[in-house]
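What follows is a short report on a single structure.
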Amino acid sequence: MDTLTKTYSLTASDIDCHGTCRLSALLCHMQNLATDHADALGLSGDTLIRECGAVWMIARQYIRLRRPIAYSDALRITTWHRGADKTPTVLRDFDIFAGEERVGEAVMSWVLANVATRKLVKPLSVPIVADSKRPAAVKDIVPAKIPLPEGMAKVLTRTVNYSDTDINGHMNNTRYADVACDALRYDRHSGRFIAEAQFNYLQESFPGDELDIFAAQHGGTHYVRGADGGGKPRFDVSLTILAIG
């Protein structure tokens, strides 16, 4: 199964105060689809833990939308992965549709981490990953380091809670989208939508961790950084917000 496609009927819990699909909800659907595809390829989390003591974790992700996704849209997502190479990451591509209209695309950068030590495991060292088939056509997007502007101001402090966690015990990647939108007061951006976003996850966060959240705007792009009390970065985000239409 080179690719996997699923259609989702959006529910009220997917929709924000602007009547459009919350970015975190879209990322959640993408994450679940990626998990389903990995399972179908024999790369499930249970298999990897059993055979090499490793788990999948998202290191970076990038998403671009041509328009917001509405409550009435039939969300359809197709995904495929690019195969393993000598780098520590496995890139996974997505095409995003509203009905038959292609409205966006995305790329996730996944790493394998030892379940006990959290040290990275080379994908090519795991036979079931190294032998997985690479599709003929892949995207040329590679999420890179986010260049943060100077003078970012602290806008809030966020405690990581139980409700933020996932099966790996840490704050789930989709929750950082909500933190970033809270930092930017996205509720005040009526008539606009997030057209482009990138998330770089620098270090795991666990329940009880206190994160200082910094934000700035530069050149039409909003930036958010989360850091621990000692100033060590946990995540970086860039968001481009455009007027609808």
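We number each residue from 1, following the sequence as shown.
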- Query: So Leu202 and Arg234, side chain to side chain contact (heavy atoms under 4.5 Å, CB included) or not? Walk me through it.
  - Reply: CA-CA 5 Å; Leu202 308 175; Arg234 296 290 181 90; 5.8 Å; no

- In sequence, state the C-alpha distance, the side-chain angles, and the governing distance for Phe193 and Thr20, and then conclude on side chain to side chain contact (heavy atoms under 4.5 Å, CB included). CA-CA 8 Å; Phe193 77 106; Thr20 58; 5.8 Å; no

- Task: Apply side chain to side chain contact (heavy atoms under 4.5 Å, CB included) to the pair Thr78 and Arg102, showing each step before the final yes or no.
- Result: CA-CA 11 Å; Thr78 297; Arg102 183 174 176 274; over 6 Å; no

- Query: Asn168 and Glu204: side-chain hydrogen bond (donor to acceptor under 3.5 Å, both in side chains), yes or no, with the steps?
  - Reply: CA-CA 10 Å; Asn168 290 323; Glu204 295 173 277; over 6 Å; no

- Message: Set out, in order, the CA-CA distance, both residues' side-chain angles and the distance that settles side chain to side chain contact (heavy atoms under 4.5 Å, CB included) for Val129 and Trp56, then state yes or no.
- Response: CA-CA 11 Å; Val129 178; Trp56 289 112; 4.1 Å; yes

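Note that CG of Asn200 and CD of Gln61 are 9.5 Å apart. Values are rounded to the nearest 0.5 Å. Annotation: the span from Leu10 atom CG to Ile15 atom CD1 amounts to 5.0 Å, rounded to 0.5 Å. One finds the CD1 atom of Ile63 at 11.0 Å from the CG atom of Leu239 (value rounded to the nearest 0.5 Å). Interatomic distance, Thr47 OG1 to Ile128 CD1, rounded to the nearest 0.5 Å: 5.5 Å. Here the straight-line distance linking atom OG1 of Thr79 with atom CG of Leu33 works out to 5.5 Å at 0.5 Å rounding. To the nearest 0.5 Å, atom CZ of residue Arg76 and atom CD1 of residue Ile69 are 12.0 Å apart.
Leu112 and Leu120 fall into different hydrophobic clusters, where Ile, Leu, Val, Met, Phe, Trp and Tyr residues are linked whenever their side-chain heavy atoms come under 4.5 Å apart, directly or through other members. When the side chains of ILVMFWY residues are joined at heavy-atom separations under 4.5 Å, either directly or via intervening members, Tyr71 and Tyr8 end up in a single hydrophobic cluster. Put simply, Ile241 and Leu23 are part of the same group of oily side chains (I, L, V, M, F, W, Y) that touch within less than 4.5 Å, one to the next. Under a hydrophobic clustering in which Ile, Leu, Val, Met, Phe, Trp and Tyr are joined whenever their side-chain heavy atoms come within less than 4.5 Å, directly or via other members, Val103 and Leu242 fall into the same cluster. Note on Leu148 and Ile213: separate hydrophobic clusters, where clusters join Ile, Leu, Val, Met, Phe, Trp and Tyr whose side-chain heavy atoms are under 4.5 Å apart, directly or indirectly.
Ionic pairing of Asp93 and Lys139 is not present here: no N-O contact between side-chain nitrogen and carboxylate oxygen is shorter than 4.0 angstrom. Between Arg66 and Glu101, none of the side-chain N atoms (NZ, or NE/NH1/NH2) sits under 4.0 Å from a carboxylate O, so this pair counts as no salt bridge. With respect to Asp182 and Arg158, no salt bridge is recorded, no charged nitrogen being found less than 4.0 Å from a carboxylate O.
For Lys119, there are no side-chain hydrogen bond (donor to acceptor under 3.5 Å, both in side chains) partners two or more places apart in sequence or in a different chain. In this structure His189 satisfies the ring pair (Phe, Tyr, Trp, His ring centres under 6.0 Å) test together with Tyr186, His222, sequence neighbours excluded. For Thr159, the side-chain contact (heavy atoms from CB on, under 4.5 Å) partners two or more places apart in sequence, or in a different chain, are Asn161, Glu210. Annotation: salt bridge (Lys or Arg N to Asp or Glu O under 4.0 Å) contacts of Arg185 (sequence neighbours excluded): Asp187. For Arg92, there are no salt bridge (Lys or Arg N to Asp or Glu O under 4.0 Å) partners two or more places apart in sequence or in a different chain.
Between the side chains of Asn172 and Gln31, at least one donor-acceptor pair of N or O atoms lies under 3.5 Å. Counted by atom type alone, Tyr62 and Arg64 present one or more donor-acceptor pairs between their side chains at under 3.5 Å. With no hydrogens or angles considered, no side-chain donor-acceptor pair links Asp46 and Ser44 at under 3.5 Å.
In the hydrophobic clustering, Phe206 connects to no other residue, as no ILVMFWY side-chain heavy atoms lie under 4.5 Å from its own.
With contacts defined as side-chain heavy-atom distances shorter than 4.5 Å, the pair Trp80/Asp2 does not qualify. Contact check for Leu27 versus Phe199: side-chain heavy atoms found under the 4.5 Å cut-off. Put simply, the side chain of Trp110 does not reach to within 4.5 Å of the side chain of Thr89, judged on heavy atoms. By the 4.5 Å heavy-atom criterion applied to side chains, Cys181 and Ile194 are counted as neighbours. Leu26 is listed as a side-chain neighbour of Ile77, based on a closest heavy-atom distance under 4.5 Å. A 4.5 Å side-chain heavy-atom check between Thr87 and Pro123 finds every atom pair outside the cut-off. Within the 4.5 Å cutoff, no side-chain heavy atoms of Met171 are placed close to those of Asp209. Residues Val55 and Leu48 are not in side-chain contact: their nearest non-hydrogen atoms beyond the backbone lie 4.5 Å or more apart.
Annotation for Arg175 and Asp164: closest pair NE-OD1, 2.9 Å, computed over non-hydrogen atoms. Leu43 approaches Ser132 most closely through the heavy-atom pair CD1-CB, 4.2 Å. Ser24 approaches Thr174 most closely through the heavy-atom pair CB-O, 3.3 Å. For the residue pair Pro233 and Gln203, the shortest heavy atom distance occurs at O-CB, 4.2 Å. Looking at every heavy atom in both residues, Ala98 comes nearest to Arg67 through CB-NH2, 3.1 Å. Ala113 and Val121 get closest at one heavy-atom pair: C-CG2, 4.2 Å.
With hydrogens and angles ignored, the 3.5 Å screen pairs a side-chain donor or acceptor of Asp14 with a backbone N or O of Thr11. Remark: the backbone N or O of Ile58 is not paired with any side-chain donor or acceptor of Asn173 at under 3.5 angstrom. Under a 3.5 Å cut-off, the side chain of Arg60 and the backbone N or O of Val107 do not form any donor-acceptor pair. Side-chain N or O atoms of Asp73 include none that pairs as donor or acceptor with a backbone N or O of Gly99 at under 3.5 Å.
For the side chain to side chain contact (heavy atoms under 4.5 Å, CB included) test with Ser238, the passing option among Gln198, Glu196, His218 is Gln198; the others fail.
Taking the six-membered ring where the residue is Trp, the centroids of Tyr176 and Phe235 are separated by under 6.0 Å.
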